[in-house]
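What you see below is based on every heavy atom in this structure, not just the backbone, and it leaves out hydrogens, waters and symmetry mates. Chain identifiers are assigned alphabetically (A, B, ...) following the order of the sequence lines, protein sequences preceding nucleic acid strands; residue numbering begins at 1 within each chain.
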Amino acid sequence: MKPRSIFSLLLLAGLVCIVSCSRVQGHGGEENRLSLTGSSTIAPLMTVLAARFEQEHPGVRIDVQSGGSGRGIADARNGVADFGMVSRSLRAEEKDLLAWPIARDGVSMIVNQKNPLANLSREQIRSIYTGKIRNWSHLGWEGGPIVVVHEAEGRATLEVFLDHFGLQNEEVRADVIAGENEHAIKTVANDPRAIGYVSIGTAEEDIRQGVSIRLLALDGVEAAKSKVAEGQYPMLRELNLVALQEPVGLAAEFLAYVRSAAADDLIRAQSFTPLAH
Amino acid sequence: MRNHLLPWRIDAFWRGLFLLAAACSASVFLLVFVFLLHESAPALQQPGVEAFFQDDSWHPTSQHFGMLPMLFATLATTLGAIFLAVPLGLGAAIFRRFYAPRWLAPIFHRLIEVLAGIPSVIFGLWGLLMVVPAIAQTWGGPGQSLLAAILVLALMILPTVTLTADAALARVPGSILMGATALGLQPGAVIMRVALPAARSGIQSGILLAVARGIGETMAVMMVAGNKVQAPWNLLLPVRTLSSNIALELGYASEAHRAALFFGGLLLVSTVLLFLLPQWCWPRRKSR
């Protein structure tokens, strides 16, 4: 190739770079638009809530994108999104943000339906997850070696689980790291020796559809959405909307809407528990 | 401007158009590479490149960034899958080219093409629901394992190996094969000693393509590999590949953790480059 054509090739490549780098900024400032990003647990709920809100407020556009609670925090901080969606309580270093709870979600231990054990104590679950108990026979069931299903670092469900049992992620000796709730459920449903933890809402929905898993009671409280609603169930997480400042105008209106009783039926339909009003 | 292949002057308009197409495809790679470098820059300064290779575990939210087990796991899954898929694919291509009855050959070819078009998530689901329980029942262990990943990945790259080998064998001139037969060689010898060597370079690039695909494959491997971060010394225990690691954690990562995941991406692209490099540095012999 001659020098000139190499030069023009580079020039074109540079042009493509410039065009692709100058991305469109978020719609934070626009009148009739709202944008929400973050937790993939909350995003489906927000999508249906936003659709109803748009119907009642013609001309309003609400953009919902999922990408994990971490992204919700980051986007709310640098103003790319009007609200970040975060499926856990804020940590100490995140207290520069304001958070508004919109619903609750319980996390439950699950085992295969073939597993006969009705109840596991807090200490037993800790021992299973730290590798001190490796066989179901220690717990009175000849089920073979325990297959411990855990979640990937950074996931909100994992943090709720670690928090509740007072575990550090480094101590956990897992056999399988699941990519998401459904992956964990399929793993447990397929292996009588497995134990895992998932969102109660998702698990109840799957059990209704005949998936062979069972929810374990925790500290003597049955794992059920009703117990989550009453606030009795101990392993809970909060679903939050976060922002850097007190919202005004449309954003304030939307926030009030999703926290009002008008949103309860949609929150229940997504297997979460609405707040008490 | 003259081109060494065409003796006449190339139409400026068409030249511009094709140059644009070439620039677009070339710049995609550059863009991706620059993007990866840019996003992983914070991790390259703090904790620094050494941390990725020397830390003894992967707990990025508590500042442990060891990635070596995942790099080894990526290589083990890919090489294991290649080890299974190459003999199988080559055999299938030879069968279709030289042994299959006239009516069967095109059907077989279509079948392999369809196999190539099956989305990876389907392979993953099949692996999770069929292969994993079978492994757990036969050999024990959690079932989601290096072995499951190798088996599923081998099936996924099989069509790549088969189709490229088949195309390479098809390009071997019939006159060579007839000449070999006329010299009195048995059919088996014609295939092994004449056809295969003549098609070597095509088969090789097919294998490289399969390696590149294997290193990058994410979804199916993530669903069956178990994703525990550990060195791949036991076929029956779970492993996590670099690509699965990104898919598992990127949605939930911020700051140093996020940058570390992008460094994993950089490592992944570099590994693919490392496999392709020999072919660039020592251009293959002219086959004809």
Side-chain angles (χ1 to χ4, degrees), chain A residues 1-2 4-5 8-17 20-21 38-40 66-74 77 87 93-94 144-159 168-170 172-180 182-183 186-187 189-194, chain B residues 1-4 15-16 19-24 26-31 34-35 38 57-62 64 124-125 128-130 132-133 136-137 140-145 218-219 222-229 237-238 240 244-245 247-255 257-258 261:
Chain A
M1 215 192 282
K2 289 185 178 160
R4 223 190 94 224
S5 50
S8 41
L9 199 73
L10 282 177
L11 196 73
L12 266 166
L15 267 176
V16 175
C17 281
S20 63
C21 287
S39 162
S40 55
S66 77
S69 295
R71 180 173 168 203
I73 297 273
R77 238 182 218 151
S87 53
E93 74 267 23
E94 292 160 352
I146 302 176
V147 173
V148 177
V149 183
H150 195 47
E151 285 210 358
E153 190 139 342
R155 298 207 60 137
T157 329
L158 164 125
E159 282 167 24
Q168 295 294 316
N169 202 21
E170 287 90 332
V172 173
R173 296 282 163 268
D175 293 305
V176 171
I177 312 279
E180 37 148 14
E182 279 303 329
H183 189 179
K186 284 214 168 57
T187 305
N190 269 313
D191 195 333
R193 304 163 303 161
Chain B
M1 171 180 174
R2 276 170 196 281
N3 178 289
H4 65 284
R15 178 175 166 273
L19 183 63
L20 185 70
C24 281
S27 57
V28 166
F29 174 73
L30 284 178
L31 269 176
V34 168
F35 167 73
H38 177 255
S57 73
W58 169 260
H59 288 293
T61 44
S62 25
H64 296 290
L125 210 56
L128 186 61
L129 299 181
M130 306 295 292
V132 165
Q137 271 155 30
Q144 300 195 19
S145 57
T218 311
M219 198 58 209
M222 186 170 96
M223 289 169 82
V224 301
N227 304 319
K228 182 181 179 182
V229 182
L237 290 183
R240 187 187 297 188
S244 307
N245 189 44
L248 274 172
E249 296 187 358
L250 189 60
Y252 314 95
S254 53
E255 292 155 13
H257 183 187
R258 188 180 131 90
L261 291 179

Over all heavy atoms of both residues, which pair between A:A178 and B:L248 is shortest? Give the atoms and the distance, please.
O-CD2, 3.9 Å
Heaviest contributor of heavy-atom pairs below 4.5 Å to chain A, chosen from B:V34, B:N227, B:N245, is B:N227
Ranked by heavy-atom pairs below 4.5 Å to chain A, first place among B:M222, B:H257, B:H59 goes to B:H59
Which residues pass the side chain to side chain donor-acceptor pair (under 3.5 Å) test with B:T61, sequence neighbours left out?
A:E153
Given a strict heavy-atom distance threshold of 4.5 Å, which part of A:V147 is in contact with chain B: side chain, backbone, both, or neither?
side chain
Among all residues two or more places apart in sequence or in another chain, which pass the side chain to side chain donor-acceptor pair (under 3.5 Å) test with A:D191?
A:R193
Please find the pair of heavy atoms, one from A:A174 and one from B:K228, that lie closest to each other, and give the distance.
O-CD, 2.9 Å
If you count heavy-atom pairs under 4.5 Å between each of B:H64, B:R258, B:M223 and chain A, which one has the most?
B:M223
Once you round to the nearest 0.5 Å, how far does OG1 of A:T187 lie from CD of B:Q144?
4.0 Å
Using a 4.5 angstrom heavy-atom cutoff, name the option from B:A225, B:S62, B:P133 with the most pairs to chain A.
B:S62
For the backbone of B:L129 and the side chain of A:K186, can you confirm whether one donor and one acceptor N or O come within less than 3.5 Å of each other?
no
Any side-chain donor near an acceptor of the partner, B:S57 and A:E170, under 3.5 Å
no
One option among B:G143, B:P142, B:G226, B:G141 has the most heavy-atom pairs under 4.5 Å with chain A, and it is B:G226
Taking the side chain as C-beta and beyond, is there a heavy-atom pair between B:L128 and A:H183 under 4.5 Å?
yes
